[in-house]
Amino acid sequence: AQKVTQAQTEISVVEKEDVTLDCVYETRDTTYYLFWYKQPPSGELVFLIRRNSFDEQNEISGRYSWNFQKSTSSFNFTITASQVVDSAVYFCALSELNQFYFGTGTSLTVIP
Amino acid sequence: DVKVTQSSRYLVKRTGEKVFLECVQDMDHENMFWYRQDPGLGLRLIYFSYDVKMKEKGDIPEGYSVSREKKERFSLILESASTNQTSMYLCASSPLGAGANVLTFGAGSRLTVL
């Protein structure tokens with residue numbers, strides 16, 4: 001079974017639209033971490049955020065925001081007023097007991 | 001700027017060739033990882049290392065080996081490349097302690113085996 005599910009394979013939006021990337025995870029541990037990484041066309045995965053399982057507070061960083069809900073085992077990522085530079089593949093990941101599990105990624109295309 | 005550097009961005013090899021993928025990090029990180037990335041499959045862990053000369057198998061180690069002779073360098077070796085090893089290979093590193101699960105990735109090495 002997938003530990004991390006990113007059901008959206010590809011998303012296209014027009015510039016300035018808001019977009020939410022979904023991430024659902026599965027774990028039986030009480031202590032775990034969730035991540036989002038961005039992979040632009042250059043190929044290098046760039047770390048965006050880490051949340052631990054004890055901190056459900058939502059986070060905002062500029063145009064990016066993250067919604068962590070343990071009740072639904074979700075860690076969704078919203079980009080507000082999307083820009084062309086946001087075009088990339090975005091990976092959600094789970095870390096538990098020093099093991100990492102990556103989702104299959106969501107490819108976001110922002111159309112100018 | 002801290003970096004994980006992968007020596008080759010693109011390689012084309014023939015079936016049966018021995019392939020070396022090199023990865024160097026300048027952050028004095030203890031942990032280093034090799035992942036393989038394929039469309040629809042995400043990232044899959046091949047091998048990782050917690051220290052010099054130490055290695056642990058990941059989820060898909062078959063057909064691969066690794067070498068970590070120095071702390072900053074972690075090499076992935078394909079002893080006899082096969083076409084099903086055509087893929088993007090990503091190296092990553094992380095420190096011990098509180099930041100241990102924040103991976104810093106290299107730019108990737110795209111390998112094509114003909």
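Within every chain, numbering begins at 1; the chains are lettered A, B, ... in the order of the sequence lines, protein sequences first and strands thereafter.
Of the listed residues (Gly40(B), Ala107(B), Gly42(B)), the one with the most heavy-atom contacts under 4.5 Å to chain A is Ala107(B).
By the criterion of side-chain heavy atoms lying less than 4.5 angstrom apart, applied directly or through intervening Ile, Leu, Val, Met, Phe, Trp or Tyr residues, Val110(A) is grouped together with Trp36(A) in one hydrophobic cluster. Tracing side-chain contacts under 4.5 Å through hydrophobic residues (I, L, V, M, F, W, Y), one never reaches Leu41(B) starting from Tyr25(A); they form parts of separate clusters. Two different hydrophobic clusters hold Phe47(A) and Tyr32(A) under the rule that ILVMFWY side chains link at heavy-atom gaps under 4.5 Å. Hydrophobic clustering (ILVMFWY, side-chain heavy atoms < 4.5 Å, transitive): Tyr101(A) and Tyr33(A) are in distinct clusters. Clustering ILVMFWY residues whenever any of their side-chain heavy atoms sit less than 4.5 angstrom apart, transitively, puts Ile49(A) in a cluster other than the one holding Phe35(A).
Without hydrogens or angle criteria, Tyr37(A) side chain to Leu103(B) main chain gives a donor-acceptor distance under 3.5 Å.
To the nearest 0.5 Å, the span separating CZ on Phe100(A) from OG on Ser94(B) amounts to 6.0 Å. Annotation: the span from Gln6(B) atom CD to Glu44(A) atom CD amounts to 9.0 Å, rounded to 0.5 Å.
Residues Phe102(A) and Tyr35(B) bring their aromatic ring centres within 6.0 Å.
Between Leu45(A) and Leu90(B), the closest heavy-atom pair is CD1-CD1, 3.6 Å.
Think of Leu111(B) as one node in a network of Ile, Leu, Val, Met, Phe, Trp and Tyr side chains linked at under 4.5 Å; its network also takes in Leu11(B), Val19(B), Leu21(B), Met32(B), Trp34(B), Ile46(B), Tyr47(B), Ile60(B), Tyr64(B), Val66(B), Phe74(B), Leu76(B), Leu78(B), Tyr89(B), Val113(B).
The contact list for residues 84-96 of chain A toward chain B, using heavy atoms and a distance under 4.5 Å, reads Phe91(A), Ser95(A) by residue number. Near-neighbour residues of residues 53-81 of chain A relative to chain B, defined by a heavy atom under 4.5 Å from a heavy atom of that chain, are none.
Only the side chain of Gln39(A) comes within contact range of chain B, judged by heavy atoms closer than 4.5 Å. For Arg110(B), no part lies near chain A; criterion is any non-hydrogen pair under 4.5 Å.
By the side-chain hydrogen bond (donor to acceptor under 3.5 Å, both in side chains) test, Ser82(A) is found to be paired with no residue, residues two or more places apart in sequence or in another chain being considered.
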